[in-house]
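None of these values were measured; they are calculated from a predicted model.
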Amino acid sequence: MRRSNLPAELNRFVGRAGEQDGLSRLLTESRLVTVVGVGGVGKTRLALRTASAAQNRYADGVRLAELSGLRDPDLLALALVEALGLTDHTLRTARETLIEHLAERRLLLVVDGFEHLVEECAPLVRELLRAAPGLTVLAAGRRPLRVDGEAVFTLTPMDDEDAARLFTERASAAGASAADAEAVRELCRRLDGIPLALELAAGRLPVLTVEQVLHRLDDRFRLLTDGTRGALPRHQTLRTAIGWSHELCTPEERLLWARLSVFAGPFDLEAMEYVCGGTDLPADRVVDVLGGLVAQSLVLREETAAGPRYRMLDTIVAYGAEWLAALGDTRRMRRRHRDWYMGLATWCELEWFSPRQAEVAANTEAALPNLRAALELCLEQPDEAHLAQHLAGTLWFYWAGCGRLSEGRHWLDRALALDSEHSGHTAARLKALWVLGYVAILQGDSTAAVAALHECREGARRAGNPVAEAYATHRMGCLALLSDDMPRAEELIGRALKAYRELGELNSNVLMGQVELGMARVFQGDLEGAVALCAEVREICEERGERWTRAYALYVLAYAAWTRGDHGEARALLGECVTINHTFHDLVGLVLAIELLGLVTASEGDPAEAAVLQGAALPVWDAVGLQLFGSGCFNGPRAVCERQAGELLGPENYGASVREGRGLSLDEAVDRALRERRDPATGARGGEARRPFRTTVPETRKPAGSPTGKGGEAAGR
């Protein structure tokens, strides 16, 4: 894990030297510091700047949790889990995960944009601070959290000198000149030194002179205040500045601004063209109109892992939402937004079984705030329960393949709590049910899994839906695999695969079923049959460009190579497996591959490094859930590695190596697993073991001589 997830600065930080020093001092004196101030005053920018400068004081780094786009209070703790870079497949609550992770760490957590969730955020922050003595929280919002021990830092607008510097620099960046110093000072005074207002004004200089800006602001100052009695002057000034920018926009720009307010986070051009195009704003005009909003700093462009994305500051969004409501168009636009992201999810599900898997994962991650907004809209209307179920079920690949089980469970449970079976939309409910069963299996919740899969199978039979019945049967087989009932697992998964073939189904789920069947066979001693199944999967994946399922097939083949004593081939296969699973943030597959690499390393004659890798797997298992799924079949190879390495190293040295591995971050563990191995005696690269371990599992653990975790992964997948 990176020490920091703070975003890079897109333009130069101007002024605020005194405020930054003061905020830095407060961080040394208090474990909770909240920066408060009017919207647009620069709270976020100052907090991020200060956190970046202070990160060397925190051994476990700095993490940012951006909450402004979060609307569901139930996802608050999960949002913090994600901000910390954690993945938790267990049945622990997100709060429990946070407490366990933070308890022994020295870390600075920056919480930004919490004011709309303050009632939920305050008790959570209080609980974390009490449980984690090394935690410091730097919050930024429009009001304090009012938690014991909180130090409140009130950020006031810029002084005249800093305001003029900021305005002049931003004007220069826009390709304009602000030569009249007196006019600049007057403008900064009129805008009360509020950075957002200054930046909006600077964005107009390519068109207007400073004097013209002043004149127009003077003309509209009274007109564009909200007229609320008792409102703070600076609140009125900010609204004036935004309203003034709004008045200076063309009619098309104002309309696009209003329509963009339905987006809950970053959006791309295609989404914007579909959602915002239409009456009074043809789709082919949207990009040109967007250019005007970008030029005025009303819309920001940023690069992401999924490509260029656009976003608006919360204050700008709120103003646009008011105008959209005044137009009476909010409901229609939210539906268009929902429809686009329903379509995106459907496209991503189809493209998951293709060479574009990594692109799909990145696009889904970038779209998550908007997918949440789409799910929320579906859940608001009882007659649209089927849409919520369909969307939550369609995202199975993201919940299961990209480390999002807890969030997937949240949405699936909520969607299925609404009845759609008697509304003529049984297919959507059936899909959500088998996906819920899948997610519950991965979380180790067999009770919920059995209930969901049984309901899905019976409902599918009543509705005459053989596809849903096949998926329910498949996942029941996975549950049997986890329960060490290999004959039943083989029977159920085999039956599902037969149904898939008859129905013409071929996708990542189907191929994973073939790998899982291989697990059931290898657990029963049929290594040759298992390898044949997984070699076929590998070939199909290579033809289709599929990588996620391929990783698990490689895992089985690697174990077979280890059994034959071909440690070099096993290491090469596992190296690719680790890389793929880390790319998709699939911790289940990753931890299994790391553990098998430990066994291979032990067999190559390096017990100390093997113990390090076994130790590195432990915190990953903590995130996945019950270690080795509580299955005796999955424990055999790890037990062999522990015994053999322990015998050679002795208890003290073995324990020290395990502790070294346990102290590695996830990224460090992956780097350690992938680094080129040298023979511990000769220093040569890739040499065979000086003292190879025996390559069979003890007779009492014969069924576990299969690929350790892959069986578990098969069950999970």
Side-chain angles (χ1 to χ4, degrees), residues 38-41 43-44 66-73 75 112-118 141-143 194 196-197 199-200 224-228 231 235-268 271-281 286 289-290 292-294 296-300 309-341 367-381:
V38 65
V41 80
K43 300 181 295 294
T44 298
E66 295 179 304
L67 304 180
S68 61
L70 189 67
R71 293 292 176 262
D72 186 349
L75 292 177
D112 184 38
F114 63 84
E115 52 267 3
H116 62 299
L117 299 170
V118 68
R142 298 192 186 187
R143 52 178 169 160
I194 297 176
L196 176 58
E199 297 204 9
L200 291 174
L224 296 176
T225 57
D226 59 13
T228 303
H235 285 198
Q236 294 182 354
T237 300
L238 179 62
R239 185 172 180 82
T240 296
I242 297 174
W244 165 75
S245 290
H246 189 268
E247 286 294 307
L248 291 177
C249 288
T250 66
E252 285 184 325
E253 288 170 348
R254 289 198 291 268
L255 184 59
L256 180 58
W257 179 350
R259 291 178 176 177
L260 287 175
S261 68
V262 298
F263 287 97
F267 50 88
D268 60 19
M272 180 185 59
E273 287 174 328
Y274 175 85
V275 174
C276 300
T279 306
D280 300 324
L281 185 59
V286 169
V289 177
L290 173 69
L293 295 179
V294 171
Q296 299 171 66
S297 300
L298 293 165
V299 174
L300 306 176
R309 291 294 185 272
Y310 298 87
R311 65 181 178 87
M312 295 194 297
L313 297 178
D314 294 337
T315 309
I316 306 299
V317 170
Y319 195 95
E322 291 181 7
W323 275 84
L324 189 62
L327 293 171
D329 207 20
T330 301
R331 186 71 183 173
R332 185 183 72 87
M333 291 306 302
R334 289 187 68 195
R335 285 179 174 275
R336 286 184 65 82
H337 173 274
R338 188 268 317 278
D339 292 347
W340 171 263
Y341 284 98
L368 182 58
N370 286 295
L371 289 166
R372 288 169 174 164
L375 283 161
E376 284 289 357
L377 179 60
C378 296
L379 291 167
E380 289 175 8
Q381 301 296 321

Discussion item. Are Leu75 and Arg372 packed together at the side-chain level, in the sense that at least one heavy-atom pair is separated by less than 4.5 angstrom?
Written reply: yes

Practice prompt. Would you name the heavy atoms of Arg143 and Phe114 that are closest together and state the gap between them?
Written response: O-CZ, 3.1 Å

Discussion item. To the nearest 0.5 Å, what is the distance between OH on Tyr310 and CG on Leu300?
Written reply: 11.0 Å

Item to complete: Please report the closest heavy-atom contact between Ala264 and His337, naming both atoms and the distance.
Response: N-NE2, 4.4 Å

Worksheet item: Closest heavy-atom contact between Pro266 and Arg309?
Response: CB-CB, 3.9 Å

Item to complete: Give, for atom CG of Leu256 and atom CG of Leu298, the distance between the pair rounded to the nearest 0.5 Å.
Response: 10.5 Å

Worksheet entry | Stacked cation flag Arg311 on Phe263, 6.0 angstrom / 45 deg | no

Discussion item. Once rounded to the nearest 0.5 Å, what's the spacing between atom CD of Glu252 and atom CG of Asp280?
Written reply: 9.0 Å

Worksheet entry | Side-chain donor or acceptor of Arg336 paired with backbone N/O of Val275 under 3.5 Å | yes

Worksheet entry | Donor-acceptor under 3.5 Å (Asp112 side chain, Glu66 main chain) | no

Item to complete: Write down the atom of Cys249, the atom of Leu293, and the distance for their closest heavy-atom approach.
Response: SG-CD2, 4.2 Å

Worksheet item: Checking His116 side chain against Leu70 main chain: does a donor-acceptor pair fall under 3.5 Å?
Response: yes

Fill in: Check: Met272 main-chain N/O paired with Trp340 side-chain donor or acceptor under 3.5 Å
no

Fill in: Point-to-point distance, once rounded to the nearest 0.5 Å, from CD of Glu273 to CZ of Phe267
11.5 Å

Discussion item. Taking the basic N atoms (NZ, or NE/NH1/NH2) and the acidic carboxylate oxygens, is any pair closer than 4.0 Å for Glu380 and Arg334?
Written reply: yes

Worksheet item: What distance separates Arg259 CZ from Leu281 CG, expressed to the nearest 0.5 Å?
Response: 5.5 Å

Worksheet item: So do the side chains of Ser68 and Val317 get within less than 4.5 Å of each other, counting heavy atoms only?
Response: no

Item to complete: Report the distance from atom CG of Leu260 to atom CD1 of Ile316, rounding to the nearest 0.5 Å.
Response: 11.5 Å

Worksheet, complete the sentence: In short, Ser261 meets Ala258 closest at the heavy-atom pair OG-O, 2.5 Å

